[in-house]
Amino acid sequence: RGKTINLTADIDMGGTSSGDEYDGASWSGPNYMPIGGQYCMDNSNVNTHLRSTFNGTFNGQGHLVNNIYCNHKADSGNSYDGYAVGLIGHMGIYDEDTLAPYADPDVKNVAADGYIAADEKAGGIVGISTSSESVISSCLNFAMVENGGGIVGRAFNTLTIKSCANFGFIYGGAGICGLSNQAQIFDSYNFGSIWTPDGHIDGGAFNGGLGLGASLIICHNIYAVYG
């Protein structure tokens with residue numbers, strides 16, 4: 001909590017695609033373990049379940065985290081075993097923690113590329129955010145994301161997303177934020193194709209489900225939404 005991580009160079013995470021980079025089955029490599037999250041480190045073993053959060057500042061300083069292979073869809077079939085993954089898996093403290101109101105982590109100035117998948121709440125930059133004053137700013141997603149959003153998978157409380165853009169293919173979700181109740185999204189763009197499978201409740205250019213306190217301000221969609 002309260003620490004700052006600064007990237008000083010681009011990072012290649014070693015994932016590779018053997019065919020269409022927008023086909024999740026074509027990706028392989030070392031399975032990236034997000035910073036924070038709620039997922040099984042070994043998808044086939046529920047005893048490796050991780051539950052942790054990131055509560056500092058992550059500043060990419062304009063760098064790219066490339067060739068991410070992050071597949072945490074759990075074999076158990078329980079979505080809570082494959083939940084909250086991204087470059088940052090979970091940003092903010094859990095509500096039951098007494099420090100929750102005072103943790104305001106931020107992510108900024110970073111780009112992600114590769115393949116990121118979960119059973120729920122996957123994000124190209126952040127899986128889920130739970131703090132009230134957090135900000136995600138000046139971030140780009142080029143990764144394919146399954147079941148979430150290009151920038152954030154799920155935003156609880158009053159997350160601010162500003163000056164961000166998604167270029168990645170989103171399968172089951174939305175271009176910027178997969179789902180939120182109070183997120184404020186400013187000056188952000190979706191350039192990525194979005195496919196919402198039959199029976200999937202969330203989908204859209206910016207936010208798969210806008211709650212009563214959520215808002216979009218000067219946002220633009222450049223690509224198509226299917227499904």
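Just so you know, these numbers use all the heavy atoms, side chains as well, and skip hydrogens, waters and symmetry mates.
- The ring-ring contact (aromatic ring centres under 6.0 Å, His included) analysis of residues 29-53, with sequence neighbours excluded, yields the pairs Y39-H72.
- Every residue meeting the side-chain contact (heavy atoms from CB on, under 4.5 Å) condition with S76, not counting sequence neighbours, appears here in chain and number order: V46, A74, N78, D81.
- Rounded to the nearest 0.5 Å, atoms OH (Y69) and OH (Y115) are 6.5 Å apart.
- Residue pairs meeting the salt bridge (charged side-chain N to carboxylate O under 4.0 Å, His left out) criterion with at least one partner in residues 29-46, sequence neighbours excluded, are absent.
- Separating the CG atom in N55 from the OG atom in S131 is a distance of 6.0 Å, to the nearest 0.5 Å.
- Sorted by first and then second residue, the salt bridge (charged side-chain N to carboxylate O under 4.0 Å, His left out) pairs involving residues 112-125 (not counting sequence neighbours) form an empty list.
- Here N109 pairs with N59 under the side-chain hydrogen bond (donor to acceptor under 3.5 Å, both in side chains) rule; sequence neighbours left out.
- For K73, the salt bridge (charged side-chain N to carboxylate O under 4.0 Å, His left out) criterion is met by E146, not counting sequence neighbours.
- Residues satisfying the side-chain contact (heavy atoms from CB on, under 4.5 Å) criterion with L7, sequence neighbours excluded, are I11, F58, H63, V65, V110.
- Here F54 contributes atom CZ and I5 contributes atom CD1; the two are 4.5 Å apart, rounded to the nearest 0.5 Å.
- With sequence neighbours left out, the side-chain contact (heavy atoms from CB on, under 4.5 Å) criterion links A155 to L159, C177, S180, A183.
- A side chain to side chain donor-acceptor pair (under 3.5 Å) check over residues 135-144, counting only residues at least two apart or in different chains, returns the pairs N141-N166.
- When all heavy atoms are compared, the tightest approach of C139 to K108 is SG-CA, 3.8 Å.
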Practice problem: Might you work through the side-chain hydrogen bond (donor to acceptor under 3.5 Å, both in side chains) test for N43 and D75, ending with a clear yes or no? | Solution: CA-CA 6 Å; N43 292 340; D75 294 351; 5.5 Å; no

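- By the side-chain contact (heavy atoms from CB on, under 4.5 Å) test, S18 is found to be paired with S26, residues two or more places apart in sequence or in another chain being considered.
- Every pair tested for ring-ring contact (aromatic ring centres under 6.0 Å, His included) that includes a residue from residues 121-141 fails, sequence neighbours excluded, so the list is empty.
- Residue pairs meeting the ring-ring contact (aromatic ring centres under 6.0 Å, His included) criterion with at least one partner in residues 144-166, sequence neighbours excluded, do not occur; the list is empty.
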